[in-house]
Amino acid sequence: MRTVVIQPVFGEWRERARELLALRVPPEEVLWSEDGEDPGLFDILETASPLGDVPKVPAAFLDLARRVAAHRDARRWGVLYRVLWRLTFCGERHLLSLPTDRDVHQLQQWQKTINRDVHKMHAFARFRLVGKDEASNREQFVAWFEPEHRIVRLASSFFEKRFVGMDWSILTPYECAHWDGSKLHFSPGVPRSAAPDEDALDELWRTYFRSIFNPARLKVHAMQTEMPKKYWKNLPEAPLIADLISGSSERVKQMLRTEARPAKPAPKNAYLDYLRELNTPTQSPPEAPSQSA
Amino acid sequence: MDLTHKLEILADAAKYDASCASSGAAKKDSRGGKGVGSTGGAGICHSYAPDGRCISLLKVLLTNACLYDCHYCINRRSSNVQRARFTPDEVVQLTLDFYKRNFIEGLFLSSGIIRSADYTMELVIEVARKLREEHQFRGYIHLKTIPEASPALIEMAGRYADRISINIELPTQEGLTKLAPEKNLDRTQEAMGHIRGKIEERHTEKRKPNAPKPPPFATGQSTQMLVGADDSTDAVILQRADVLYSDYRLRRVYYSGFSPIPEPSSLLPIKPPPLVREHRLYQADWLLRFYGFRVDEIASADAPNLDLQLDPKLAWALRNRATFPADVNRASREILLRVPGLGVRNVERILSARRYTRLRLADLLLLRVSMKKVLPFIIAADHTPARLGLDSDTLRQRFLPPPLQTELNFDAPPVSGEIDSVRSGEL
């Protein structure tokens, strides 16, 4: 049994996995550890000579592995290596087409979690205007987000492509991403207090949120499935939710109590006359009224 | 009137449009430009209102003043609702401000009809033009169009928008004549046919080798049908939807259960249809588009309305028990798609996995297939349903929802608690 200590990033796992494959080390002989202090470490990898080439793996596996690597579950490195081993040295090239395989299923579950985390970051990170760069005349925005997994790098290219015309930073507790109009770069995580709390537009956004809600079709569970409460503390509109829910029943009763209005007669209007003629077929189609009508 | 007040009125006026999709646009982004915006991919919901609806776009009317008198609509001319009107620049600025804060995917702009169809269309197009040309905005734009607007204007709307739509509102002309006297089914469909032609024309141009890239055009059109405002049956609604999908190549038909509005009309039912009816229509819609069902298999002349207690696929399976059991290790894709409890994705997974292995119940459990639903209808390597099960009269009973418990939350209007998805019909 050997212990392999790695930094918890995909590139690092990939390097170690290649070395292990070259030495033909089967997965059951490897213990993966993210703990850099582990005293039991003695690195046999550097002293041993490789037994052969590293076989090629399907591109789909690398893509899957890159995403799974962002998950926080410590077992991921071992499962990834086992699947890699089975793909290359166990003749199971088709393994990824077997969603009922326990290892593949586990990887796909992790991948799903990561994809969801990335998607929610794209959805719920909220930029706040903090100023304007005098020299470049570019607006500067800062967002705060708390992802569950280590997804900042996976999620950033989306923001890079979308918000080219403004400077922005996305701050998270473990890593931050920054865009200055030409280059994306990353820096270590910061505490919540480093990000601004408010934006002048928040109130207008709350007005929109309040107005677009239809009290006659309350579906609180459907809302919470897609927007779980854990995100609410960083969403400017979330404080409105409780009142919108509790007030909805009274608003609907009010609508039902309102006396129904009769139809008013049509006003004099050339366009309405034209429509009416269209709706009653005649020999020749009517002329459209001119714009100034 | 200040901007906040206008937004209140004009967002409130727009909320009865169910569509908020931001998916299905051509891939584009702001690289190489000075502005912001990107589209393509699955679409993003940036928030959810307590009505369970996704908030993806800034959905507003340019004005809620309207010449028409559609009785289900809060903005009809007979309504006493307060009227407001945005200037094009106000909508442009709001869209950009919200977009830069990552509140939205883009703009969904509609309008009450003022003066004439063309006049209104020109105002709507002006907003989209400014966003695209003056601000290099590359986010999502959905424009509502008016069937009577001149074809040249509809084409211009299509050039700036990612999606354009015309609401069909009701499935029959009789319904329209009664409730929306200015609207006409034939003209609406004619305009949809024109849009379909334009979408396909661009598609063909794009595929020509060595030809210059054609100017952009919306990649799809959608529509909305009201449910429960007139007495159309589900069969009539689904037949209309089927025509729209097959003859006009619509991307989506949205079904909007008629809900009470603050300014009710004397021509309308007081009591809205149960929300579950809308949900069943979405499920049936999914069966038409992704599961290979025909309308007459789901809702026929004999039984024109969907079963509110059972989803339409399960209801079909119970009526067609001779088709089952289906062997998950042998049955064709077409048959597997008809098994209650198997969704499109799991059918694909089953087809992929069975090339290498014989599937057992534990495998299906791993794929999160609902055992309760699927067991009477399938054969697996370690399972054959009891003959008695499929023939039994009690099979339907097994699937009925439990009797509702007394609603204890007096603050909230009663809703059927089972519905999680709002506009999805995944089965």
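Within every chain, numbering begins at 1; the chains are lettered A, B, ... in the order of the sequence lines, protein sequences first and strands thereafter.
- No other option in B/Ser150, B/Ser56, B/Ser47 has as many heavy-atom pairs under 4.5 Å with chain A as B/Ser47.
- Heavy-atom distances place the side chain of A/Leu244, and not its backbone, under 4.5 Å from chain B.
- Between chain A and the residues B/Gln136, B/Lys34, B/Arg355, B/Lys59, the most heavy-atom pairs under 4.5 angstrom are made by B/Lys59.
- Residues B/Tyr119 and A/Tyr271 have side chains not in contact (no heavy-atom distance under 4.5 Å, counting atoms from C-beta outward).
- Using a 4.5 Å heavy-atom cutoff, the side chains of A/Trp205 and B/Ile55 are in contact.
- The candidate from B/Ala353, B/Ser30, B/Ala14 with the greatest count of non-hydrogen atom pairs under 4.5 Å with chain A is B/Ser30.
- Both the backbone and the side chain of A/Ala266 come within less than 4.5 Å of a heavy atom in chain B.
- Most heavy-atom pairs under 4.5 Å with chain A: of the set B/Gly35, B/Gly257, B/Ala42, B/Gly32, this distinction falls to B/Gly35.
- With a 4.5 angstrom heavy-atom cutoff, B/Phe103 touches chain A via backbone and side-chain atoms both.
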Subject >> B/Glu182/A/Leu272 under side-chain contact (heavy atoms from CB on, under 4.5 Å): CA gap, chis, key distance, verdict >> reply: CA-CA 8 Å; B/Glu182 285 82 14; A/Leu272 283 182; 3.8 Å; yes
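- For A/Glu259, the part lying near chain B is the backbone, with the side chain staying farther off; criterion is any non-hydrogen pair under 4.5 Å.
- Looking at B/Asp186, there are no atoms closer than 4.5 Å to chain A (heavy atoms on both sides), in backbone or side chain.
- Looking at B/Tyr68, the atoms closer than 4.5 Å to chain A (heavy atoms on both sides) all sit in the side chain, from C-beta outward.
- Ranked by heavy-atom pairs shorter than 4.5 Å toward chain B, the options A/Thr258, A/Asn214, A/Leu235 are led by A/Asn214.
- Here A/Glu237 is the residue among A/Glu237, A/Arg128, A/Glu203, A/Arg210 with the most heavy-atom pairs under 4.5 Å with chain B.
- No other option in B/Pro264, B/Ala49, B/Ala11 has as many heavy-atom pairs under 4.5 Å with chain A as B/Pro264.
- The main-chain N or O of B/Ser38 is found under 3.5 Å from a side-chain atom of A/Arg162 such that the two form a donor-acceptor pair.
- For A/Phe163, the parts sitting under 4.5 Å from any heavy atom of chain B are the backbone and the side chain alike.
- Only the side chain of B/Asp69 has a heavy atom closer than 4.5 Å to any heavy atom of chain A.
- Only the side chain of A/Arg251 comes within less than 4.5 Å of a heavy atom of chain B; its backbone N, CA, C and O stay farther away.
- Counting only heavy atoms from C-beta outward, the side chains of A/Leu204 and B/Leu3 approach each other to under 4.5 Å.
- The contact between B/Ile104 and chain A is made by backbone and side chain atoms together, counting heavy-atom distances below 4.5 Å.
- B/Ile44 has its side chain within reach of A/His119: a pair of non-hydrogen atoms, C-beta onward, lies under 4.5 Å apart.
- Judged purely by atom type and a 3.5 angstrom limit, B/Arg53 has no side-chain atom pairing as donor or acceptor with the backbone of A/Phe213.
- When the heavy atoms of residues 154-161 of chain A are compared with those of chain B, the residues falling under 4.5 Å are A/Phe158, A/Phe159, A/Lys161, listed by number.
- Looking at A/Pro236, the atoms closer than 4.5 Å to chain B (heavy atoms on both sides) all sit in the side chain, from C-beta outward.
- For chain B, the nearby part of A/Gln109 is the side chain; its heavy atoms alone come within less than 4.5 Å.
- For the set A/Ala143, A/Pro262, A/Gly165, A/Ser211, the entry with the most heavy-atom pairs within less than 4.5 Å of chain B is A/Ser211.
- With a 4.5 Å cut-off on non-hydrogen atoms, B/Arg354 does not touch chain A at all.
- Proximity to chain A involves both the backbone and the side chain of B/Ala362, based on heavy atoms less than 4.5 angstrom apart.
- Contact of A/Asp199 with chain B is made through the side chain alone, with heavy-atom distances under 4.5 Å.
- A/Glu226 touches chain B through backbone and side chain together, each having a heavy atom under 4.5 Å away.
- For the options B/Gly33, B/Ala13, B/Ser352, B/Ser78, heavy-atom pairs under 4.5 Å to chain A are most numerous at B/Ser78.
- Heavy atoms of A/His122 lying under 4.5 Å from chain B belong to its backbone as well as its side chain.
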